[in-house]
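I have placed the structure first, in the form of structure tokens, so that the comments after it can refer back to it.
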Amino acid sequence: MMLHLTVVSTHCVVALAVVVCAGSFMVHAVPTDYTADSKSVFPYLYFDQEDVPELKRKLEDTSLVSTKRLRVFQATPWSGMIAPESMDEFRGIWNERWGNSLPPMALLSLLDATSEGLAMRTKTFESMDNMARFDLWTVAALPKDEVPVAHSLVGFATAFDFLYQVMSTSQRRRYARAIVHHTLFMQDRVVDDDRWWAYVWLQNHVFTNCHSIFIGCLMTERMMLDPELKSYLEVEFESKLDMKAITELKYKMMHHFGRMFDRLNTHVKDGSMDEGVYYTLYSTRSLFEHIHISHRHHLPHIVNLDSGIWFKNHINFMIKTVHRGFDEVLPFADSENFFSYGPEMQMRALDRYVLRNGHGNWLADLVGTMRMDEKNQRLIKCSVCSTTLHSDFLIHDLSLKPIRPEIISSKPDLYHFEDWGVVVVGYGMLDPNVTTLAVKCGATMGAAFAAEITAQTSPEFVPRNVNAGHEHPDQGSFVFFPHGRPFITSSSYTLEKLTALENTLTFSVGSKEAQQHYGCKNQDNQVGQVGECGHWLDWAGVYGFHQTLKQHWPRIESAEKHGILSRISANLEPAYMLPGLDQLTRVFYQPDSDVLFIVDQVHTSSRDITRVHQHFFSDQWIVPLRNQEHRLLALTPERDQVFTTRLDMSKAASIQATASVTDMSSKLRGKFEMRRLTVNHSLEPGYTAILTTLVAREVPVIAVRARCHECEPTFVLGASQVIMITLELRNGESKQYTVVTPWRSHTS
């Protein structure tokens, strides 16, 4: 194995090659062509050369979680971190991991003077050499997706910044050329191609790509302060390198970031982002690194963080979307059930610039510590979590001692993200065995943006300026984990946005014309929610539909908790563009940690709507059971059960249950299987009420019986239904429950 050791002195650098063979080694000198200059223009982004000794001391402080995680990363096999020599291989897959790996590798190889650190430096340069030879960093199959280029550019430029002082002149030239070349590539995409991410609001491509251009321009400006590099780059790029245009583009990106910050702070009050936890971290990786660099260099267009409501509440979003002892996150929208590009660095920055109370550092330390515990495979297996190791370490303000946030409760509570349209019960607790429930029913892009866009209050608030493609047609969907066990789970990142792939409702319509007009070809003639059928949610279609409804959006009508009892009521009807569907309400009633009742209330005025289909996804279904009398539909290996009951038994109701193994395809997971239970109910014009009972194994139920008062279609507007439910147990005993459901009846 060949390792390169570099020894730095004030006036010169001597490169050494170390040949390691069977436990012995030889050292010999290698010619060098560069000198170190302590007053160099680099490092610049995160620290100056004068800061390096203090950073080296920080790296030796093994009490810091951010330091420990860098050391764990250093001990990880490096083979997957080094960019391949072949451009075809590099462009043959989603390739961001190689650029993302460079900053932590570069930082360690700068600060660690041991043989391990110096060996990592050699590998870092090997990866940079390979990438510098490639004039294209896009994925071959996705030539118009600039996100891989953005990741590579930020990572490559950051590594160049860190290691500039220990590079040869030829290395500096090669790497500087790559940075300028790919910055100009991104500039062409913005200026010539008018790419959508250069003007839309709040989407992960926007944050990622704009930040990469900002970094590329900032580094290009800085490189022009080095006379040798300036001369080289001017000859290499000739008239293509217009420094006035580079500076203007940098300020354009900063201005766009400032506008996005302002929109977040003035519109979104609950600290959420519509794309869910996974892609929020994807976005905030760039957002918080941009904030830190902008503040460090006193650059213009910096948002006033002191008055930022979104920033102050963002930590609540990071805490109240986590369950199972902070091991799993809520997977609504295109997502996965684990933390990805953070949240450690993001929480460090939030604490440093906004909170100033130690809460962010506490959460960063907690998640970082869990990542190093072999028991937490979900966190350990995260392939992109090394992306922010360097900024986590560098942004960490040691003066803010970790303090546990008060929002982390000792008993399950209910939390409502009003803008996002999500209610969670039992989330944000350290106990992995707590029962958790989450329900989603809200406006596309969140309530605040939806209200602005549908009302067209400004030329800026138009469908063209948003991109909600990662959202799902999932209004009324839910996930349920009794005692921390997965019972009803999510399909996560789907390559097709179909309502039937969510834990919610679809409908069958009788006429072929209606099927063709409202349904998807790949959904068995079932009609789902507006915007479904494509690879991305058709948000333009959603907004076009809702502008005719004058801001009538799906929403959580009420969410309340009294002691151990929780009740959530959701209005789904505005999510469906289906004539004759007059009312659709879903009520979740959780009386204790073992039982969840769901009451679906449907009012139709068309014989064309013939069936309603309830969809339930799980990782664990076995063959469904057909207990005709008591309607036991399915059983999991953990002995959790699903029952269904029609409450409007005056009708000739037909109920069928089917179970299937659905082959899913996910960008994040690849190919995987999900078990789906579908319950099909016949419909006639008028009122239909369906009770679904989910029972944890701790309650050995053999039958569910229910009686409903005021469940006939003669009730008045604003009336409630009282449902008396009896769970008959295996030991001969029974448990009684009373469920009161609100109903806003249809008025003709």
Side-chain angles (χ1 to χ4, degrees), residues 83 87-103 131-160 177-220 237 240-241 245-246 248-257 259-260 275 278-287 289-290 334 340-341 384 387 464-470 493 535-536 539 667-668:
M87 186 170 76
D88 289 342
E89 183 179 349
F90 179 83
R91 300 187 66 219
I93 62 172
W94 191 261
N95 55 35
E96 68 175 72
R97 75 170 186 264
W98 293 307
N100 285 339
S101 297
L102 287 175
M131 291 179 66
R133 286 196 298 270
F134 308 150
D135 280 345
L136 284 175
W137 284 351
T138 53
V139 175
L142 300 166
K144 291 194 174 183
D145 191 337
E146 297 85 5
V147 164
V149 181
H151 283 282
S152 296
L153 179 55
V154 170
F156 194 96
T158 304
F160 176 88
R177 181 198 173 278
I179 293 168
V180 173
H181 173 81
H182 293 286
T183 299
L184 293 176
F185 170 87
M186 296 295 281
Q187 180 189 39
D188 290 343
R189 291 298 178 100
V190 173
V191 176
D192 296 338
D193 294 349
D194 190 29
R195 300 296 285 143
W196 60 268
W197 43 262
Y199 53 79
V200 307
W201 305 109
L202 306 181
Q203 204 264 3
N204 69 88
H205 284 230
V206 181
F207 289 105
T208 304
N209 291 341
C210 291
H211 180 60
S212 75
I213 295 173
F214 165 74
I215 292 295
C217 292
L218 196 64
M219 290 293 289
T220 300
F237 290 96
K240 294 180 182 178
L241 184 55
I246 288 290
E248 288 176 352
L249 183 61
K250 180 189 74 171
Y251 284 120
K252 179 179 179 180
M253 294 299 103
M254 294 180 66
H255 178 64
H256 193 35
F257 259 97
R259 292 165 67 232
M260 288 191 290
E275 291 188 303
Y278 188 96
Y279 275 99
T280 291
L281 289 170
Y282 201 113
S283 296
T284 56
R285 172 260 175 123
S286 297
L287 187 154
E289 286 183 358
H290 182 89
D334 276 345
S340 55
Y341 297 80
V384 298
T387 302
R464 179 181 184 269
N465 287 351
V466 299
N467 183 322
H470 278 297
Y493 194 134
H535 182 69
W536 308 114
W539 70 92
K667 185 174 179 180
L668 302 177

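For clarity, every value in this text was computed on a predicted model and none was experimentally measured. Values below: all heavy atoms of this structure, side chains included; hydrogens, waters and symmetry mates excluded.
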Could you tell me whether a side-chain N or O of [X] sits under 3.5 Å from a main-chain N or O of [Y], the two making a donor and an acceptor?
{"X": "Arg195", "Y": "Lys144", "result": "yes"}
{"X": "Ser101", "Y": "Trp98", "result": "no"}
{"X": "His182", "Y": "Val149", "result": "no"}
{"X": "Arg91", "Y": "Thr138", "result": "yes"}

Apply the test side chain to side chain contact (heavy atoms under 4.5 Å, CB included) to residues Asp145 and Trp94: give CA-CA distance (whole Å), side-chain angles for both, the deciding distance (0.1 Å), then the verdict. CA-CA 10 Å; Asp145 191 337; Trp94 191 261; 3.5 Å; yes
Determine, stepwise, if the pair Asp334 / Glu275 fulfils side chain to side chain contact (heavy atoms under 4.5 Å, CB included). CA-CA 7 Å; Asp334 276 345; Glu275 291 188 303; over 6 Å; no
Using side chain to side chain contact (heavy atoms under 4.5 Å, CB included), reason through Ile215 and His211 one step at a time and then give a plain yes or no. CA-CA 6 Å; Ile215 292 295; His211 180 60; 3.7 Å; yes
With a 4.5 Å cut-off on side-chain heavy atoms, are [Y] and [X] touching?
{"X": "Trp201", "Y": "Val206", "value": "no"}
{"X": "Leu249", "Y": "Ile213", "value": "yes"}
{"X": "Leu241", "Y": "Ile246", "value": "yes"}

So, taking the atom named [atom1] in [X] and the one named [atom2] in [Y], what distance separates them when rounded to the nearest 0.5 Å?
{"X": "Glu96", "Y": "Thr387", "atom1": "CD", "atom2": "OG1", "result": "6.5 Å"}
{"X": "Thr183", "Y": "Leu153", "atom1": "OG1", "atom2": "CG", "result": "4.5 Å"}
{"X": "Met253", "Y": "Leu218", "atom1": "CE", "atom2": "CG", "result": "13.5 Å"}

Over all heavy atoms of both residues, which pair between [X] and [Y] is shortest? Give the atoms and the distance, please.
{"X": "Asn95", "Y": "Ser152", "result": "OD1-OG, 4.3 Å"}
{"X": "Ala198", "Y": "Val190", "result": "CB-CG1, 4.1 Å"}
{"X": "Pro143", "Y": "Ala140", "result": "CD-O, 3.5 Å"}
{"X": "Val200", "Y": "Met260", "result": "O-SD, 4.4 Å"}
{"X": "Phe207", "Y": "Phe257", "result": "O-CZ, 3.5 Å"}

Result of checking His256, Gln203, Glu146 against Trp197 for side-chain hydrogen bond (donor to acceptor under 3.5 Å, both in side chains): Glu146
Does a salt bridge link Glu248 with Lys252, judged by any charged N lying under 4.0 Å from a carboxylate O? no
Within the 6.0 Å centroid threshold, strictly below: His151 and Tyr282: yes
Answer with yes or no after comparing the ring centroid distance for Trp137 and Phe185 against a 6.0 Å cut-off, counting only values under it. no
Evaluate the ring planes of His470 and Tyr493, with Trp represented by its six-membered ring, and classify them as parallel (under 30°), tilted (30 to 60°) or perpendicular (over 60°). perpendicular
Tyr279, Trp536, Tyr199, Trp196 screened by ring pair (Phe, Tyr, Trp, His ring centres under 6.0 Å) with His205, the one that passes: Trp196
